[in-house]
Each structure stands twice: as structure tokens, then as C-alpha cells.
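To start, the structure itself, in C-alpha cells.
Counting convention: from 1, in listed order, for ligands and their atoms alike.
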Amino acid sequence: MADQNTGPILVPVLGDQLTRTLASLRGRTKDDSVILMMEVWDEATYVKHHKQKIVLIFSAMRHFAQELRDAGWTVDYTRLTDKDNAGSFTGEVARAAERHNPRAIHIVEAGEWRVQQAIEEWPDKFDCKVEILPDDRFVCSIAEFGDWAADRKTLRMENFYQEMRKKTGLLMDDGKPAGGQWNYDKDNRAPPKDGMSAPARPKPEPDEITREAMDLVEAEFPDHFGDLGRFQWPVTRDEAETAADAFFAERLPDFGTYQDAMVHGQDDLFHSMLSTSINLGLLDPMELCRRAEDAYRNGDAPLNAVEGFIRQLIGWREYVRGFYWHHMPDLESANALNAQRGLPEFYWTGETDMRCLADCIRSTRENAHAHHIQRLMVLGNFALLAGIKPREVQDWFLVVYADAYEWVELPNVAAMILYADGGKLASKPYAASANYINKMSDYCKDCAYSASKKTGDGACPFNSLYWHFMDRHRDRLESNHRIGRIYANWDRMGEDKQQDYLDTADAFLRTLTPAKSGWAGD
Ligand code: FAD
Ligand code: DLZ
């Protein structure tokens with residue numbers, strides 16, 4: 001077959017592979033390769049992505065295509081509204097194969113299961129050799145994670161992270177962790193100071209390419225969730241590097257201490273806001289880790305900040321990616337806690353008197369972003385305690401964030417926040433009452449509910465929902481040594497108090513209106 005075809009090598013580059021050093025581009029010559037980039041309806045509509053996410057991806061793809069052309073590459077680019085657009089990656093590759101008669105197709109494996117399944121059919125579909133290359137933008141390959149996981153009864157991020165530290169040499173001194181400890185998580189939990197705010201970050205103005213993508217999205221996807229008014233994501237490597245420079249210079253030193261803090265109306269705090277750029281391929285996570293380490297070695301940032309940042313990238317990010325591929329496709333339908341409640345409508349509208357949830361949803365709608373602890377301990381904690389169906393929560397998280405791809409969203413949602421995997425990723429559910437949110441944020445002070453009131457009218461729903469959750473999952477959780485001792489407190493309360501908690505939670509749960517708006521595309 002390959003002998004009949006005399007054309008170039010066709011190199012499809014997917015929307016989250018926008019890296020000049022991509023494995024499929026390395027070693028290719030410009031006069032012998034055609035790079036194929038495809039805006040396709042399947043990807044734009046498999047869920048009803050936040051408007052900012054589609055603008056970000058199309059604008060970044062169009063800028064990257066231009067950058068490649070300027071560097072002398074031949075780029076064949078399909079726009080979404082081209083009249084012959086086949087609608088899918090496979091359909092577009094088929095059309096390109098007719099145009100170019102390639103002697104081979106070289107593609108880097110897809111980030112998502114759904115897309116990878118389609119790519120794996122290409123060798124049978126196309127009349128030329130198809131090479132699928134590992135995505136070496138990750139420190140740990142899928143195969144390496146599989147080997148690491150194979151002989152373990154439980155998978156834990158901490159063990160994996162230590163392996164990645166040894167493998168990369170990051171923050172290692174003579175084979176030992178810098179500072180003597182692997183993990184400074186206990187120094188990453190300071191509550192916010194009164195009136196705390198972080199330095200403003202650079203917000204690139206939308207250029208003509210981005211404005212064109214905005215017009216396209218408003219025309220084609222007017223009913224998708226989210227506002228475009230505050231679009232402020234880097235769409236090129238240069239813009240992403242400017243964002244990274246500002247983070248290292250101004251916010252990294254406080255990143256560690258206030259990693260878990262939340263402040264009403266302060267959407268970024270000391271977080272890097274780099275996930276969209278990293279996931280698209282505009283920034284290399286290892287380069288960022290090396291810069292962070294330099295900041296520590298040069299005395300520009302403390303160890304709790306630098307270790308915390310590096311842990312997120314070579315620890316959590318790599319771990320959830322390996323975990324995703326290790327547990328797919330089952331992870332998508334996991335529901336170990338048999339959660340059956342529909343997603344409340346307020347996740348889309350933000351209309352709730354719970355001030356913490358309302359603020360996180362506002363930021364989500366305006367910025368296509370909420371920071372980690374908002375996702376985990378407010379939006380995720382509520383979904384866990386209220387027993388929302390994993391599929392509906394997964395769809396919501398996949399729709400609403402500009403950095404959301406299933407490989408990173410699904411393990412965080414199904415396994416980290418919902419415990420739907422039955423504890424394969426986390427040793428216990430991340431369940432918390434109002435006490436946690438009150439300690440780590442200023443949300444509770446102007447809230448319609450009282451964080452200190454446990455039951456009855458005006459009590460923060462997180463308090464009664466917490467015990468409702470613990471009570472209904474007692475059989476599973478009581479034997480868990482990390483959480484089981486909580487039941488001694490529950491038993492000490494006595495039946496009347498317990499009933500009070502359960503009645504308060506039930507009354508609140510009855511007020512929830514399930515989402516009917518079809519935002520997720522159902
Ligand atoms: P920082 O706080 O500055 O962290 C630095 C980097 O570490 C991030 O840019 C990110 O690349 C990485 N990182 C941190 N935590 C995680 C994590 N738990 N998993 C993977 N990478 C991590 N991140 C995504 O990129 N896409 C998602 O779809 C996504 N969904 C999430 C859903 C839930 C329920 C939770 C709890 C977390 C999710 N995260 C996701 C992880 C994290 O919330 C975001 O990466 C982070 O908020 C991005 O903002 P930042 O760049 O300012 O991060
Ligand atoms: C998320 C997304 C969207 C909305 N549109 C496209 C697209 O039209 N073309 C493209 O190449 N990529 C898109 N993406 C990102 C893909 O979904 C992403 O590359 C896959 O998740 C890879 O598995």
C-alpha cells in the first residue's frame with residue numbers, strides 16, 4: 001500500500017498539540033510533510049463547551065498554523081465553516097488523504113480516549129502506513145504508568161510523585177528531597193488574610209484572529225454556557241510565556257502558603273493560571289518546573305511554594321493522566337456510591353443563596369475558570385455530599401472550564417471529588433462541612449446561611465449534608481481508618497440530634513431544582 005503512494009507524510013496536529021517540538025514534527029523535513037489542522041464539529045459539540053474554551057482552542061490553533069507557515073511548513077487547515085467540512089477528525093483526514101496522497105500518516109496519540117479509539121481505526125481505513133507516536137510532552141508515558149500501577153493494590157499520588165522527583169531530578173539533593181521532605185502540603189493551607197489580594201496578571205487583548213473566533217462562536221454556538229466579555233487567555237506561546245514570567249516574578253512566592261485559600265471576588269489569587277496554556281501545548285510543564293526550581297535555588301521563592309507547584313505538575317497532573325488511561329473506559333461510568341440525584345439547576349445559573357457556590361459559579365461563567373480549591377472543596381464537595389450523579393457532574397466540569405479535557409477532568413471529578421471509583425485514587429472522600437469553607441475563605445461572613453449553625457432554618461447546608469452523607473455511607477466508610485473515627489462523634493450526638501441533621505438535610509435537598517436546561521448537550 002505505502003509503495004503506491006508517493007505523496008508527503010501527512011501530520012495531523014490536534015487542537016491540544018500546539019507544540020513545535022511535538023513528537024510527530026521532530027525530525028520531519030518541511031519539504032516532505034504536510035501538517036493538517038482541523039476544526040471539526042464533533043469536537044466542538046461532543047459537549048456544549050463554554051464559549052471561551054472554543055474561542056481559545058480555535059484562536060490558538062489558527063495562531064499556531066500561522067506560526068508554522070511563517071517558519072516554512074506547509075499547513076493544510078480546515079475551518080469549521082468550510083462548506084465541505086467532514087465534521088470529524090477521521091472524515092477530515094480522509095479528505096486530506098485524497099488531496100495529498102500521503103505515503104504515511106504520523107500522529108501523536110490523542111489526549112482523550114474517545115479520540116484515540118477513532119485514531120486506532122486509521123491503519124485499517126487509510127491506504128498508507130499510519131504511525132501513532134507516544135505523547136512525550138508528559139514525563140511518564142502511559143506504558144510506564146501501567147508498569148508502575150500493575151503490581152500495586154492501591155495507587156497513591158504521593159508514591160508516584162516521589163518516583164517522578166527521582167526520575168526528573170527536580171528538587172533533589174544527592175538523591176534526597178530538597179529540604180529533607182518530599183511534600184510540604186502542610187505549609188500550603190494558610191487561610192486568607194483580611195483584604196488579601198494578589199498582583200493583577202497580564203491579560204492579553206484579543207487580536208483580530210481571536211475576535212474572528214469570538215464572532216464564529218457567537219454565531220454558531222449562541223446557546224452554549226458562559227460569557228465571552230472577559231476572555232483573557234494566552235493564545236500563542238509568546239503570550240503564554242509572558243503569563244508565566246509574571247507568575248514567577250510576582251505570585252510564585254505566595255503560591256504555596258495560600259494555595260488552598262479562597263476570597264470572594266478574587267478569582268486568581270496566587271495561582272499560576274497556566275493550565276490552559278500547558279494543556280494546549282503552548283507551555284512545557286518541565287520547563288516551568290525547572291524555572292520554579294531555579295527560583296528556589298536562587299532564593300527568589302520559598303520551598304513550600306516551589307515544591308507545591310512542582311507537585312501539581314509532575315505529581316498530580318501526571319498522576320491523573322496515568323490514572324485516566326489505566327482506568328478507562330470504566331472510569332466514565334463508575335458510581336461506587338450509587339449517587340442518583342440530578343445536577344441542580346443552580347450549577348448553570350449561579351442562583352443560590354450559598355455565597356461560596358454562587359461566587360465559584362460566577363467565576364466559572366465569567367472566566368471559564370475556578371481555582372483548584374473552589375473546584376474541589378466548594379463545587380465538588382457539594383456534589384459529593386448531595387449525591388449528584390457522576391455522569392452529570394462530569395459533563396458539567398467538562399463543559400465549563402477552558403482547561404477541561406477528559407483525561408484531566410474525569411479523574412479529578414469521578415475519582416477525586418465524587419469517590420465514584422470507590423477509593424482507587426483517594427484514600428478517603430474529600431467531604432467537609434461549613435467549618436472548612438469558613439476557615440479557608442471569607443465566603444461565610446456575608447452569606448445568607450450561618451456556618452456555625454448546624455441544623456434548622458438558616459444553618460449552612462454543608463453542615464447537615466455532611467452528616468447526611470456520612471450516615472448514608474456508613475457501611476462503606478466506617479472501616480476506613482482515615483475517616484472511620486468520625487462515627488464516634490456521630491454516635492455521641494444521640495438520636496434526636498442525628499435526626500435533626502438528617503431532617504435539615506432532607507428538607508434542603510427537596511428544595512433543589514434539577515437542571516433542565518440541557519447546557520451539557522443532553
Ligand atoms: P495552579 O494552582 O497554578 O497549579 C499549577 C498547575 O498544576 C496547573 O496549571 C495544572 O496544570 C496542574 N494541576 C494542579 N492540580 C491539578 C490536578 N488536580 N490535576 C491535574 N493537574 C493539576 N485541571 C485541568 O487542567 N483541567 C481540568 O479539566 C481540571 N478539572 C478539575 C476538576 C476538579 C473537580 C478538580 C478538583 C480539579 C481539576 N483540575 C483540572 C485541576 C486544577 O483545578 C486546575 O488544573 C487548576 O485550577 C488550574 O489553574 P492554575 O493553572 O492556576 O493552577
Ligand atoms: C476541545 C476541542 C474543540 C472544541 N474543537 C477542536 C477542533 O475543532 N479541532 C481540534 O483539533 N481539537 C479541538 N478540540 C480539542 C480536542 O478535543 C482535543 O485535541 C482532543 O481532546 C484530543 O484527544
ring-ring contact (aromatic ring centres under 6.0 Å, His included) with Trp233: which of His63, His50, His369?
His369

Checking the N or O distance criterion of under 3.5 Å, is ligand 2 in contact with Glu112?
yes

Hey, is Asp16 touching ligand 2 through its side chain, its backbone, both or neither, going by heavy atoms under 4.0 Å?
both

Given Phe225, which partner from the list Trp348, Phe397, Tyr401 fulfils the ring-ring contact (aromatic ring centres under 6.0 Å, His included) test?
Trp348

The atoms of ligand 2 lying under 4.0 Å from a heavy atom of Gly111, numbered in the order shown, are 22 (C), 23 (O)

What do you reckon, does Trp41 put a non-hydrogen atom under 4.0 Å from ligand 2?
no

Protein contact of atom 1 (C) of ligand 2 - nearest heavy atom, named by residue and atom, plus distance:
Ile57 CD1, 3.2 Å

Where on Met37 is there a heavy atom closer than 4.0 Å to ligand 2, on the side chain, on the backbone, on both, or on neither?
neither

Within the structure, does Ile54 bring an N/O atom to less than 3.5 angstrom of an N/O atom in ligand 2?
no

Which ligand 2 atoms, with their elements, are less than 4.0 angstrom from a heavy-atom of Gly15?
10 (C), 11 (O), 12 (N), 19 (O)

Polar-atom distance check: Val115 versus ligand 2, any N or O pair below 3.5 Å?
no

Take the angle between the ring planes of Tyr46 and His49 and call it parallel below 30°, perpendicular above 60°, tilted in between.
perpendicular

What's the spacing between Ile278 CD1 and Glu287 CD if we round to 0.5 Å?
11.0 Å

Please check if any side-chain donor atom of Ser33 sits under 3.5 Å from a side-chain acceptor atom of Trp73, or the reverse.
no

For Met38, the ligand 2 atoms whose distance to one of its heavy atoms is below 4.0 Å:
7 (C), 8 (O), 9 (N), 10 (C), 11 (O)

Could you give the distance from CG (Leu228) to CD (Glu218), rounded to the nearest 0.5 Å?
4.5 Å

Taking the side chain as every heavy atom from C-beta outward, state whether Asn85 and Glu92 have any pair of such atoms under 4.5 Å apart.
yes

Is a side-chain N or O of Trp396 found less than 3.5 angstrom from the main chain of Tyr347, in a donor-acceptor match?
yes

Side chains of Tyr443 and Asp359: is there a donor and an acceptor less than 3.5 Å apart?
yes

Using a strict cut-off of 4.0 Å, indicate which atoms of ligand 2 neighbour a heavy atom of Phe58.
5 (N), 7 (C), 8 (O)

Which of these, Arg251, Arg201, Arg291, sits in a salt bridge (charged side-chain N to carboxylate O under 4.0 Å, His left out) with Asp245?
Arg291

At the 4.0 Å heavy-atom cut-off, does Trp407 count as touching ligand 2?
no

Considering distance alone, does some N or O of Met61 sit under 3.5 Å from an N or O of ligand 2?
no

Any nitrogen or oxygen of His49 lying under 3.5 Å from a nitrogen or oxygen in ligand 2? Just yes or no.
no

Which atoms from ligand 2 have a heavy atom of Leu14 less than 4.0 Å away?
11 (O), 19 (O)

Looking at ligand 2, does any of its N/O atoms fall within less than 3.5 Å of an N/O of Ala110?
no

